[in-house]
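Written out below as structure tokens is the structure these notes cover.
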Amino acid sequence: MKKRGETAISPTREEDYPEWYQQVIKASDLAERSAVRGCMVIRPWGYALWENIMGALDAMFKATGVQNAYFPLFIPLSFLEKEAEHVEGFAKECAVVTHHRLEKGPDGGLVPAGLLQEPLVVRPTSETIIGDSFSRWISSYRDLPILINQWANVVRWELRTRIFLRTSEFLWQEGHTAHASAEEAIERTLLMLDIYARLAEEYLAMPVIKGRKSASERFPGAVDTFSIESMMQDRKALQAGTSHFLGQNFARASGITFQNAEEKEEYAWTTSWGSSTRMIGGLIMTHGDDNGIILPPRVASAHAVLLPIYRSDKEKAEVMTYAGNLARELQDVRYHDAPLRIQIDARDTGGARNWDWIKKGIPLRVEIGPRDITQNAVYLGRRDKGNTDKVSLKREAFIGEVPRILDEIQKNLYERALAYRKAYTITLDDRDGFYAFFTSKNADPPEIHGGFAFSHWCGSQDCEAKIKDDLGVTIRCIPLDAGPENGSCICCGNASTERVVFAKAY
RNA sequence: CGGGGCGUGGCGCAGUCUGGCAGCGCGCCUGCUUUGGGAGCAGGAAGUCGGAGGUUCAAAUCCUCUCGCCCCGACCA
């Protein structure tokens, strides 16, 4: 690792973005690779972040009537087979449990024994097993809607993993609802999409585009898939949450029926929606800089760290008392209906201690030394500003101002990310310009290039596939807030009625 | 799963071509001196050189096999 270099993280984003991503996670103590292929260990600093994300989402879900429940990790193979498209979508990445016992093998090691009659699939998602429950819970239209969420881990046996963005096991929430009408189910699908957008924009400070997926990007078995899409600092798109209208496909597969008011039996209309630890990857790539991650205050693992500065033992005692009292007072301050999260780092490691917290992305660093005690003040550094850009504030004023300062940081991060996205979002109507936009000037390694292109698409899967083959660019979504507009397809030139978002994607 | 690259103390790396005591920087531990922007000096701990097998008097280095990681591609949240 570079010491006393220009930046705390090496390489920089510019030099090697994927490697920067790995290094920044390592340097921030968010997570690390594990002994198990493709799986990660989420360390306390990262898990606290996830807990805050969970807390925010969970409250929003519950405010719309959703209840939490828990379903088994194991899914009978036969359940997965019930929905044809669904099987096809997930079959390749399923982990399968075939045995239930270990025995001593001939060479002293343990070998699986006790073959299961029916193999169990480790859930890649839970539509089928939850559908099984729904089929028994629902008999009348009076039982509907049913609005369930579970916080769980899922396993998808990925060929290529990237920490937080695509791991074989990941943590997520999956919501599953059943309704008496298609309209109500669609309304729920879009409502949950809105909640994901709110989480991203208000809590993670990540501007997103809400949209509908093209048929080829749809969830296996869904009638319609919606997503929120966000631009990372390498200008690739990251899908940070998805919401699916499943029509009656899964109801049919799982036998979820109800008797309507006219005494007729009908299949229910279902939805599912999910968001995962992948959002943490998005957070890192949206806000991180060459000195580490930058945590938005609303979800930050901690809001402020107090850094006592002292020479003698006598000074240390005084400074520690001052810091301890300050910490207690700060913990009584409410920030968005919760106490401030405060840490004290009393390590006697000089300036290196500062850099640790910069790399960890904590919003506020509060230095407290003898000088501050004399002046009844604190010396404040902000992660959204330069590392040496610090100000002295009177103690009482600081305590009163913290929520406002945190909100200002939150806003700055959002504005910065939005400005970045705007700078690399382009409306393109000519094919050559489109190809040039998505082609790097350097072949190996390619520099950071491209972005989001709003272009017309005729709706043909052939055009979509051609652009993907030629450029590695896909349709991220068909934006919901854009109205119809006549134009010609960026690929084939045929008539088109709307613009879609093209980008390279994670 | 195909192509490329890389595995050497916690992190970053040199050493491999041309076999000969396992090294460097940072971090860590102890002591002293320091301290408002990555402190200095002295001492110290920490490695089955990814793993297995082979060649050799001798292997981090050569050969065979294998595992893992990273990048690109296909697939996916």
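With both ends at atom P, the span from B:G31 to B:C24 equals 24 Å, rounded to whole Å. Using P as the reference atom, B:U56 and B:C29 are 48 Å apart when rounded to the nearest Å. Across the P atoms, B:G20 and B:G4 are found 29 Å apart, a figure rounded to whole Å. When the P atom is compared between B:C21 and B:C26, the two are found 25 Å apart, to the nearest whole Å. Comparing the P positions of B:A52 and B:G44 gives an interatomic distance of 32 Å, to the nearest angstrom. With both ends at atom P, the span from B:G7 to B:C62 equals 12 Å, rounded to whole Å. If you take atom C1' in B:A14 and the same atom in B:G23, they sit 8 Å apart, rounded to whole Å. Across B:G2 and B:G9, the matching P atoms stand 29 Å from one another, rounded to whole Å.
Across all strands, A:Leu238 comes closer than 4.0 Å to no nucleic acid atom at all (heavy-atom distances). Residue contacts for A:Ser216: at a heavy-atom cut-off of 4.0 Å it reaches no nucleic acid atom on any strand shown. Base contact: A:Ile358 has a heavy atom under 4.0 Å from a base atom. Counting non-hydrogen atoms under 4.0 angstrom, A:Tyr310 reaches a base of the nucleic acid.
For A:Met40 and B:G68, the CE to P distance is 19 Å, given to the nearest whole Å. In this structure, A:Arg353 atom CZ and B:A39 atom P are separated by 11 Å, rounded to whole Å. Here the C1' atom of nucleotide B:G36 and the CD1 atom of A:Ile309 are 5 Å apart, to the nearest Å. Across the protein-nucleic acid pair, A:Trp355 atom CH2 and B:U35 atom P stand 21 Å apart, rounded to whole Å. Separating the NZ atom of A:Lys26 from the P atom of B:C11 is a distance of 6 Å, rounded to the nearest angstrom. In this structure, A:Gln173 places its CD atom 12 Å from C1' of B:A77, rounding to the nearest Å. Atom P of nucleotide B:A77 and atom CG of A:Leu199 are separated by 19 Å, given to the nearest angstrom. For the pair A:Arg218 CZ and B:A77 C1', the interatomic distance rounds to 17 Å; values are reported in whole Å.
Across the strands present, B:C69 finds its partner in B:G5; the criterion is a Watson-Crick or G-U wobble pair with both atom distances under 3.5 angstrom. Summarising the base pairing, B:C62 is matched to B:G54 through a Watson-Crick or G-U wobble pair whose two defining distances lie under 3.5 Å. For B:C24, the paired nucleotide is B:G12, the pair qualifying as Watson-Crick or G-U wobble because both relevant distances are below 3.5 Å. Judged by Watson-Crick or G-U wobble contacts below 3.5 Å, the nucleotide B:C32 has B:G40 as its partner.
Residue A:Lys359 places its side chain closer to B:G38 than to any other of B:G38, B:G68, B:A77. In this structure, of B:A77, B:G38, B:C69, it is B:C69 that holds the atom nearest to the side chain of A:Arg37.
For A:Gln375, the CD atom is densely surrounded, since the number of other residues' heavy atoms within 6.0 Å is greater than 12.
In this structure, A:Phe437 has its ring center no closer than 6.0 Å to that of A:Phe502. Ring centroids of A:Phe250 and A:His176 are separated by 6.0 Å or more, keeping the two rings apart.
Of the listed residues (A:Leu171, A:Leu199, A:Asp58, A:Thr277), just one forms a side chain to side chain contact (heavy atoms under 4.5 Å, CB included) with A:Ile53, and that residue is A:Leu199. Just one residue in the list A:Ile344, A:Ile368, A:Val366, A:Asn354 forms a side chain to side chain contact (heavy atoms under 4.5 Å, CB included) with A:Leu307, and that residue is A:Asn354.
A:Tyr21 meets the side chain to side chain donor-acceptor pair (under 3.5 Å) test with no other residue; sequence neighbours excluded. Residues meeting the salt bridge (Lys or Arg N to Asp or Glu O under 4.0 Å) test with A:Arg212, sequence neighbours left out: A:Asp224. By the salt bridge (Lys or Arg N to Asp or Glu O under 4.0 Å) test, A:Arg235 is found to be paired with no residue, residues two or more places apart in sequence or in another chain being considered.
Checked by atom type and distance alone, the side chain of A:Glu15 pairs as donor or acceptor with a backbone atom of A:Thr12 at under 3.5 Å.
Both the sub-6.0 Å distance and the 45° axial angle are not jointly satisfied by A:Arg166 relative to the ring of A:Trp157. Remark: A:Lys92 fails to qualify as a cation-pi partner of A:Phe90 under the 6.0 Å distance and 45° angle criteria applied to the six-membered ring.
Listed by residue number, A:Arg365, A:Glu367, A:Gly369, A:Pro370, A:Arg371, A:Asp372, A:Tyr379, A:Asn387 are the residues of residues 363-388 of chain A with a heavy-atom contact under 4.0 Å to RNA chain B. In the region residues 271-286 of chain A, proximity to RNA chain B at under 4.0 angstrom, judged on heavy atoms, holds for A:Ser276, A:Arg278.
Residues A:Glu127 and A:Ser272 bring a donor and an acceptor atom of their side chains to less than 3.5 Å of each other. Using modelled atom types, one finds a donor on one side chain and an acceptor on the other under 3.5 Å when comparing A:Asp470 with A:Tyr435.
Within the 4.0 Å cut-off from OP1 or OP2 of B:C11, not a single side-chain nitrogen or oxygen of A:Gln23 is found. At least one side-chain nitrogen or oxygen of A:Arg311 sits closer than 4.0 Å to the OP1 or OP2 atom of B:U35.
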Look for any protein N or O under 3.5 Å of an N or O in nucleotides 70-75 of chain B and output each such pair with its distance, or none.
unit_1	atom_1	unit_2	atom_2	d
B:C70	OP1	A:Arg33	NE	2.9
B:C70	OP1	A:Arg33	NH2	2.3
B:C71	OP1	A:Arg162	NH1	2.8
B:C72	OP2	A:Arg160	NH2	2.1
B:C75	OP2	A:Lys468	NZ	2.9

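By the 4.0 Å N-to-carboxylate-O rule, A:Asp462 lies too far from A:Lys466 to be salt-bridged with it.
In this structure, A:Asn354 and A:Ala240 both approach RNA chain B, and ranking their closest nucleotides by distance from the 5' end singles out A:Asn354.
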